[in-house]
2 protein chains.
Amino acid sequence: MRLLLVEDEARLAASLVRGLRADGVVVEVAEDGPTGLRLARELDFDVIVLDLMLPHMSGFRVCQELRRANVWTPILVLTAKTGEFDEIESLDSGADDFLTKPFSYSVLLARLRVLLRRDVNERPVVLEADDLRLDPATKSCARAGVDIALSAREFSLLEYFLRNANRVLSKDEILDHVWDPDFDGSPNIVEVYVGYLRRKIDRPFSTNSIVTVPRSGYLFQCGA
Amino acid sequence: MRLLLVEDEARLAASLVRGLRADGVVVEVAEDGPTGLRLARELDFDVIVLDLMLPHMSGFRVCQELRRANVWTPILVLTAKTGEFDEIESLDSGADDFLTKPFSYSVLLARLRVLLRRDVNERPVVLEADDLRLDPATKSCARAGVDIALSAREFSLLEYFLRNANRVLSKDEILDHVWDPDFDGSPNIVEVYVGYLRRKIDRPFSTNSIVTVPRSGYLFQCGA
DNA sequence: CAGGACTCTCAGCGCCCTCTCAGGGCGTTG
DNA sequence: CAACGCCCTGAGAGGGCGCTGAGAGTCCTG
C-alpha cells in the first residue's frame, strides 16, 4: 500500500512513518501544502493522510484542489481543532474521513482499513454479440455504433436471445420467458416480434443474426 | 434517500427522524437489534445509522451479521462510549464510520453525505452531470451557470436521479427512495414531478436529461 | 386573514405498443 | 400435382400508459 502523509510536525510524522512502515505500508512524506498537492497529483497513492494546519497552503485547499484536478484518492484529514465547523468543512471539501488529534495509532490504522476497503462495484453488465450491444441498465441498444430504438417487448425478446446465443429456442420456450405466464394467445406473436426485430437489427445492416430453424424455433447466432 | 435508523432511545430517534425527513430523507426506524437486522436485510436502504447499545442484540452483532449476509449498505455507528476500543471494534466489524454521542445534527448530516458519496463510485460532494450541478449541502441547483429554484420534493427526486444516472429507475423504485414509506398514492405522482423537473431543468435549456423508458421507468442520462 | 408555495389527486387526451387476424409464399408429404 | 403445415408480414383494433392542466388541501408568511 502506498500512502502519502502530508504533515509538518516532524515528531508526529516520524512516529507515524515508523509505525506504518513496520506494518508494510509504503510512505511518502510532504511537509507543506504545495508539496503534498504536487506529489498527490503526480504519483499514484492508495490513500492520503492530510493535516489541516500546514505551511503555505491549508489542508482544505489541498483537498479541494485535488478533487478539482480529478484526483479521487481517499483522503483522511487530521485536525488539531475540535470545533465541528472544521469537521464539516473538511468533509464537504472532499475528504473521506477525519481524525481529531490526539489520536491513537490503532485508531488511525482501523480508519485506513475502512478507507481502503472500497472495492468499487464493477458493474457493466452489457450484453454483446459481435457488433451488437444491449445494455439492460439503460434499456439501450446499438449495432455498429448506431443507436436502435426498441419497444419494451422487443427489448425483452432480444435480451433473451442474447442470453441464449447460439442455441435454438422454441417458440414455447420464448413465450414462457418473454411473455407473461398467463398469456394465452398463439405463438404467432413470437413470429411477429421476431419480424419486428429483424427489421430493426438485421435488415438495415444486412446481417442475419436471427435464424429460423424450421419446426424447431429460432437461433440467435454470433461469434461465427 | 432511504435511511434506516436503529435506535432505541425514543427521544433521540424522534428528533433525528424529524430533522432527516425535513431534509427529504426517507426514514425507517427499528427499535431493537433483531428488527434492525431484519429490515436491513429485507429492504433496500442507501445508508444505515446504528446505535451500539440496543435491546436483544448489540450493534456489533447487527453489523457483523449484515456483512456476513452480504449486505454492504454503508453503516454509521452511534456510540455513547468514549473508549477507542469500541471505535476500533465497530470499524473492524464492518461499519464504515462512527460518531460519539453527544453529536450535533449538522455533523451527522456531513458524515452521511460522505458515506453516500462513497457508496456510489466515489462521487464529489457536489453532484454534477454535464452542465447540471446539484449541491446537497446547500440544496442549490444550477444548469449552465443559471440558478434553478427547486422545491424539496423536486430536489430529492433530482438528487436520486443524479445518484443513479444512466440507469433506468422504475416508478416504484423512485417512490420507495424519494417518498415516505407510508405513502400510498399512485405512481402517477412520479409522472407529475418528472413533469415539473423537466419544465425546470430541461425545457428552458432545450435539453433532454430525463428520458421516459416506456413500461420501465425513467432514465437520467448524461455524459453521452 | 389573504396570499403564496408546495404537495398531491383526478380526469381527459392522445400516442404508440401490443396483439389479432388473414392472406400469401414456400417447402414437405401424400 | 394437390394438400397441408409452417412461417412471414401487412393492416388494423384496442387499450395501456404517460403527460398535463385544473384544482383542493395544507402550511407558512407577511
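Here the structure is a predicted model, which is why all the values come from computation and not from measurement. Letters A, B, ... are given to chains in the order of the sequence lines, protein chains preceding strands, and every chain is numbered from 1.
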Taking atom C1' of D:dC7 as reference, at what distance in whole Å does atom CG of A:D172 sit?
15 Å
Check for a donor-acceptor pair, side chain of A:N166 on one end and backbone N or O of A:C222 on the other, with a separation under 3.5 Å.
yes
Pair B:T207, B:R143: side-chain N/O donor-acceptor within cut-off below 3.5 Å
yes
How about B:R198: does its CZ atom have over 12 heavy atoms from other parts shown lying under 6.0 Å from it?
yes
Counting only heavy atoms and a strict 4.0 angstrom limit, can you tell me which residues of residues 196-212 of chain B come near DNA chain D?
B:R198, B:R199, B:R203, B:T212
Need one value for A:V192: base, sugar-phosphate or nothing, where a base atom within 4.0 Å counts as base even if backbone is also close, heavy atoms only.
base
So, taking the atom named CG in A:L158 and the one named NZ in A:K200, what distance separates them when rounded to the nearest 0.5 Å?
11.0 Å
Does B:Y193 have a side-chain nitrogen or oxygen under 4.0 Å from the phosphate oxygens OP1 or OP2 of D:dC19?
no
Please figure out whether A:G185 or B:S186 has its closest DNA chain C nucleotide nearer the 5' end.
B:S186
For DNA chain D, whose closest nucleotide is more 5', that of A:V194 or that of B:K171?
A:V194
Protein-nucleotide distance (B:N188, atom CG; D:dC19, atom C1'), rounded to Å
9 Å
Once you round it to whole Å, what is the distance between P of C:dA22 and CD1 of A:I189?
15 Å
In whole Å, what is the span from the CZ atom of A:F183 to the P atom of C:dC19?
6 Å
Do any side-chain nitrogens or oxygens of B:W179 fall under 4.0 Å of OP1 or OP2 in C:dC8?
yes
Phosphate oxygens OP1/OP2 of C:dT18: is one of them under 4.0 Å from a side-chain N or O of A:S151?
yes
Quick one: which of D:dC7, D:dT20, C:dC21 gets closest to the side chain of B:E191?
D:dT20
N/O (side chain, B:R153) to phosphate O (OP1/OP2, C:dC6) under 4.0 Å:
no
Here's a test for you: under ring-ring contact (aromatic ring centres under 6.0 Å, His included), which of B:Y218, B:W179, B:F155, B:Y160 qualifies with B:Y193?
B:W179
Going by an N to O cut-off under 4.0 Å, is there a salt bridge joining B:R21 and B:D180?
yes
Check this for me: does any side-chain nitrogen of one of A:E65 and A:R41 sit under 4.0 Å from a carboxylate oxygen of the other?
no
